[in-house]
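Notes follow once the structure below has been shown.
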Amino acid sequence: MEVGPTGRYIYSDVDLDQHEGEIIEELKAHSQQPLPDPDHWLQGKPERGIMLTSVEAILNWARRSSLWSVVCFPACCSFEFIATAASRHDISRFGMEIIRASPRQADLMITAGTLTWKMAPSVKRIYDQMAEPKWVIAMGACAISGGIFQASYGVTPGYNHIIPVDVYVPGCPPRPEALLYGINMLQNKIAKAEIIKK
Ligand code: SF4
């Protein structure tokens, strides 16, 4: 049973075929009409369809809206990062839901945890393998300065002794809201970046 174009119910197979035929014929009639000129909209008022901006602004918008983070979770701050990526805080709102295992597919390193000297060469290698342009967020007291392990002979006094850091997010550990704020700060920094040299 089907409802016909006039609201009546169609019960028989003949009526159903006829109704289907009408729909096909109507579709055929419309498909044979010429398509509108694709450039027609240019004849109208430009302000309706054109947005003027710079190449630099578009590139910065694309870069800041699709930051892909590489896995770098050496210690306990990583659990706050995992919470940030989960549904409650929803990091994918910022185009960041893809956490990459390969540095070659990433442009952001979020250093979630203590960095020991033993691990430092590996972190440096991961950073060097990341695609340009790339950014680093130092997450947590350990990442910023060594934190509570600062006096230890085996802990680096911050990631910025190994790789350049763009944004520092303090806390032990920082809450997901703090990390999201740091990500917003990085996005603002990227938005203001000068790509085209004058
Ligand atoms: S800052 Fe605190 S929570 Fe983060 S890695 Fe260091 S000790 Fe762990």
Side-chain angles (χ1 to χ4, degrees), residues 56-195:
E56 200 169 62
I58 286 285
L59 283 174
N60 284 340
W61 170 81
R63 284 175 175 174
R64 76 173 192 267
S65 307
S66 59
L67 289 167
W68 289 8
S69 172
V70 68
V71 175
C72 181
F73 303 160
C76 22
C77 269
S78 59
F79 288 96
E80 295 300 315
F81 179 85
I82 293 163
T84 311
S87 54
R88 177 181 286 264
H89 298 284
D90 191 14
I91 206 172
S92 61
R93 287 178 290 163
F94 306 103
M96 296 182 61
E97 64 270 37
I98 305 177
I99 313 298
R100 308 309 301 187
S102 165
R104 292 184 178 85
Q105 298 165 354
D107 53 6
L108 172 64
M109 180 186 277
I110 298 178
T111 61
T114 327
L115 179 62
T116 58
W117 282 111
K118 191 172 173 62
M119 281 191 64
S122 301
V123 168
K124 176 80 167 66
R125 189 176 310 141
I126 290 170
Y127 177 80
D128 289 343
Q129 288 174 341
M130 285 165 63
E132 290 278 1
K134 53 194 171 187
W135 301 274
V136 177
I137 294 178
M139 178 185 179
C142 288
I144 295 170
S145 64
I148 55 173
F149 307 109
Q150 196 177 35
S152 167
Y153 70 93
V155 173
T156 64
Y159 278 76
N160 59 1
H161 289 252
I162 311 297
I163 52 177
V165 172
D166 296 278
V167 172
Y168 297 85
V169 180
C172 181
R175 284 187 53 81
E177 292 88 341
L179 180 58
L180 290 174
Y181 184 68
I183 289 167
N184 279 334
M185 286 176 69
L186 178 64
Q187 288 179 318
N188 291 340
K189 186 174 179 176
I190 295 170
K192 292 175 191 156
E194 282 188 16
I195 301 172

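Hydrogens, waters and symmetry mates are skipped; everything else that's a heavy atom, side chains included, is used. Each ligand, and each atom within it, is numbered from 1 in the order the structure gives.
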For the [atom1] atom of [X] and the [atom2] atom of [Y], what is their distance to the nearest 0.5 Å?
X     : Y      : atom1 : atom2 : value
Ser78 : Ile110 : OG    : CD1   : 12.0 Å
Thr84 : Met139 : OG1   : CE    : 5.5 Å
Ser65 : Arg93  : OG    : CZ    : 14.0 Å
Glu56 : Glu194 : CD    : CD    : 6.0 Å

*Would the number of heavy atoms belonging to other residues, nucleotides or ligands and lying under 6.0 Å from CH2 of Trp61 be above 12?*
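Check fails, neighbour count at 12 or below.
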*Asp107 (side chain) donor-acceptor with Leu67 (main chain) under 3.5 angstrom*: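 Not confirmed, Asp107 side chain does not pair with Leu67 backbone.
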*So how many protein N, O or S atoms does atom 2 (Fe) of ligand 1 have within less than 2.8 Å?*
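Count of protein N, O, S atoms less than 2.8 Å from atom 2 (Fe) of ligand 1: 1.
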